[in-house]
Amino acid sequence: MTAVDDHYDRLLAEHYTWMLGGDIDSVANTQADLFRRLGLAARPSDRASAVDLGCGSGAQALALAHLGYESITAVDTSAALLDELTENAKRLGYESVVQPTHRDLRGVLPDLATAGSLAAVVCMGDTLPHLPGRADVVGLIADVAEALQTGGSFVVTYRDQTVELPASNRFIPVRGTADRILTCFLDYVDEDTVLVHDLLHTWDGCGWNLMNGSYPKLRLSYQWLTEKCRAAGLDVHHDDNSPCGMQILHAVKP
């Protein structure tokens with residue numbers, strides 16, 4: 001188990017959907033709108049298949065189901081989040097469409113899909129920087145390029161942490177409600193790594209309780225990621241910032 005896996009199991013998984021705003025259907029609809037704008041909607045005749053890497057509680061997998069994908073394999077290292085996805089898919093009638101898969105992202109694509117078989121691979125929500133090293137990112141992109149069919153899409157959202165924030169700006173409020181407050185603090189280790197410290201306060205009716213933990217993230221620039229996609233044979237069609245500060249990269253297999 002990696003430090004990221006342990007951090008999610010111990011601290012974040014229970015609060016993951018709350019961190020997204022608490023309404024998974026609303027988040028899924030927003031993701032569907034993004035995929036639609038990028039041209040990922042599937043026609044019934046396509047019998048399209050997709051893989052969602054780092055699926056969490058299912059916002060992207062559900063979005064792809066909304067857009068007509070016939071088969072979506074949703075991969076995550078958190079069993080708790082996959083259980084939540086299973087319930088969400090069942091509630092929405094997608095239990096035969098979405099296949100939750102408890103696996104590490106590294107090396108999973110060759111086991112899930114034959115070469116040239118996937119219409120889309122998505123890796124959203126700052127999942128890509130969770131990988132242990134840059135070589136793992138390069139390997140995953142190569143696997144994506146191999147698995148995509150001609151015209152297939154690779155969509156990534158991530159935070160570009162390459163510019164070091166001044167000390168006063170390193171405390172970042174994630175979300176706060178009457179019973180929960182989540183704040184993160186960024187600690188820049190070196191040129192490749194930022195250590196993310198999560199501080200979660202929960203109200204038990206009498207007082208506030210603090211849970212905390214940390215895990216490393218890769219500092220990936222959009223220039224570097226774009227170059228690696230092109231080196232793997234993918235054409236980068238879209239590279240922009242989302243309203244919430246995420247970088248959006250859309251690459252297509254020519």
Do Gln247 and Arg159 come close enough that some side-chain heavy atom pair is under 4.5 Å? no
Could you walk me through whether Thr17 and Glu84 pass the side-chain contact (heavy atoms from CB on, under 4.5 Å) test, one step at a time? CA-CA 9 Å; Thr17 299; Glu84 192 174 339; 2.4 Å; yes
Could you tell me whether a side-chain N or O of Arg10 sits under 3.5 Å from a main-chain N or O of Asn212, the two making a donor and an acceptor? yes
Does Pro216 reach the side chain of Val189, with side-chain heavy atoms less than 4.5 Å apart? no
Could you pull out the closest heavy-atom pair between Val75 and Arg103, with the gap in Å? CG1-O, 3.5 Å
Are Leu34 and Val122 connected in the hydrophobic side-chain network, where two residues link if heavy atoms are under 4.5 Å apart? yes
Thr193 side chain to Asp190 backbone, donor-acceptor under 3.5 Å: no
The reported gap from CG in Asp192 to CG in Leu218 (rounded to nearest 0.5 angstrom) is 7.0 Å
So do the side chains of His130 and Lys217 get within less than 4.5 Å of each other, counting heavy atoms only? yes
Hey, is CZ on Arg175 packed in by over 12 heavy atoms from elsewhere, all under 6.0 Å? yes
In terms of relative ring orientation, are His197 and Phe185 parallel, tilted or perpendicular, with 30° and 60° separating the classes? tilted
Would Leu40 and His250 count as a side-chain contact (heavy atoms from CB on, under 4.5 Å) if you check the C-alpha gap in whole Å, the side-chain angles of each, and the deciding distance to 0.1 Å? CA-CA 10 Å; Leu40 268 67; His250 175 212; 3.8 Å; yes
Here the pair of heavy atoms bringing Leu225 nearest to Tyr158 is CD2-CE2, 3.5 Å
Joint hydrophobic cluster, Leu11 plus Ile181, side-chain heavy atoms closer than 4.5 Å: no
Taking Thr157 for its side chain and Gly125 for its backbone only, find out whether a donor-acceptor pair lies under 3.5 Å. yes
Just say parallel, tilted or perpendicular for the rings of Tyr8 and Tyr16, cut-offs at 30° and 60°. tilted
The residue among Val121, Leu112, Asp76 that forms side-chain contact (heavy atoms from CB on, under 4.5 Å) with Leu53 is Val121
Within one Ile-Leu-Val-Met-Phe-Trp-Tyr cluster: Val4 and Ile172, side-chain cutoff 4.5 Å: yes
What's the shortest heavy-atom distance between Leu234 and Ala251, and which atoms? CB-CB, 3.9 Å
Would you say Met124 ends up clustered with Val174 if hydrophobic residues are merged whenever their side chains have heavy atoms under 4.5 Å apart, either directly or through other cluster members? yes
Rounded distance (nearest 0.5 Å) linking atom CG of Leu128 with atom CG of Leu105: 8.5 Å
Are the charged groups of Lys90 and Glu95 less than 4.0 angstrom apart, N to O? no
Can you check side-chain contact (heavy atoms from CB on, under 4.5 Å) on Leu210 and His201, steps first, answer last? CA-CA 5 Å; Leu210 172 64; His201 289 85; 3.6 Å; yes
With a 3.5 Å distance limit and no angle check, can you tell me whether Thr127 reaches the backbone of Cys123 through a side-chain donor-acceptor pair? no
How many angstroms lie between atom OH of Tyr215 and atom CG of Leu195, to the nearest 0.5 angstrom? 9.5 Å
Side chains of Trp224 and Arg134 in contact at under 4.5 Å (non-hydrogen atoms): yes
For Glu14, is the CD atom crowded, meaning more than 12 foreign heavy atoms sit under 6.0 Å from it? no
Using modelled atom types only, decide if a donor and an acceptor are shared between the side chain of Asp136 and the backbone of Gly133 within a distance under 3.5 Å. yes
Please confirm whether the backbone N or O of Thr114 pairs with a side-chain atom of Ser117, one donor and one acceptor, at under 3.5 Å? yes
Rounded to the nearest 0.5 Å, how far does OG of Ser153 lie from CG of Leu118? 11.5 Å
Measure across Ala13 and Leu81 and return the closest heavy-atom pair with its distance rounded to 0.1 Å. O-CD2, 3.6 Å
Heavy-atom pair with the smallest gap, counting every atom of Tyr69 and Val97: O-CG1, 3.3 Å
Between atom CD1 of Ile72 and atom CG of Asp52, what is the distance when rounded to the nearest 0.5 Å? 8.5 Å
Between Val108 and Thr73, is a side-chain contact (heavy atoms from CB on, under 4.5 Å) present by the stated rule, with each step listed? CA-CA 11 Å; Val108 72; Thr73 304; over 6 Å; no
Side chains of Arg91 and Ile24, heavy atoms from C-beta outward: is any pair under 4.5 Å? yes
Side-chain contact, heavy-atom cut-off 4.5 Å: Leu165 with Tyr188? yes
Please tell me whether Leu85 and Leu67 are part of a single hydrophobic cluster in this structure, the criterion being side-chain heavy atoms less than 4.5 Å apart. yes
Ignoring hydrogens, what is the shortest heavy-atom contact between Thr77 and His102? Give both atom names and the distance. O-NE2, 2.9 Å
Is the shortest heavy-atom distance from the side chain of His7 to the side chain of Asp198 under 4.5 Å? yes
Report yes if some heavy atom in the side chain of Lys253 is under 4.5 Å from a heavy atom in the side chain of Phe154; otherwise report no. no
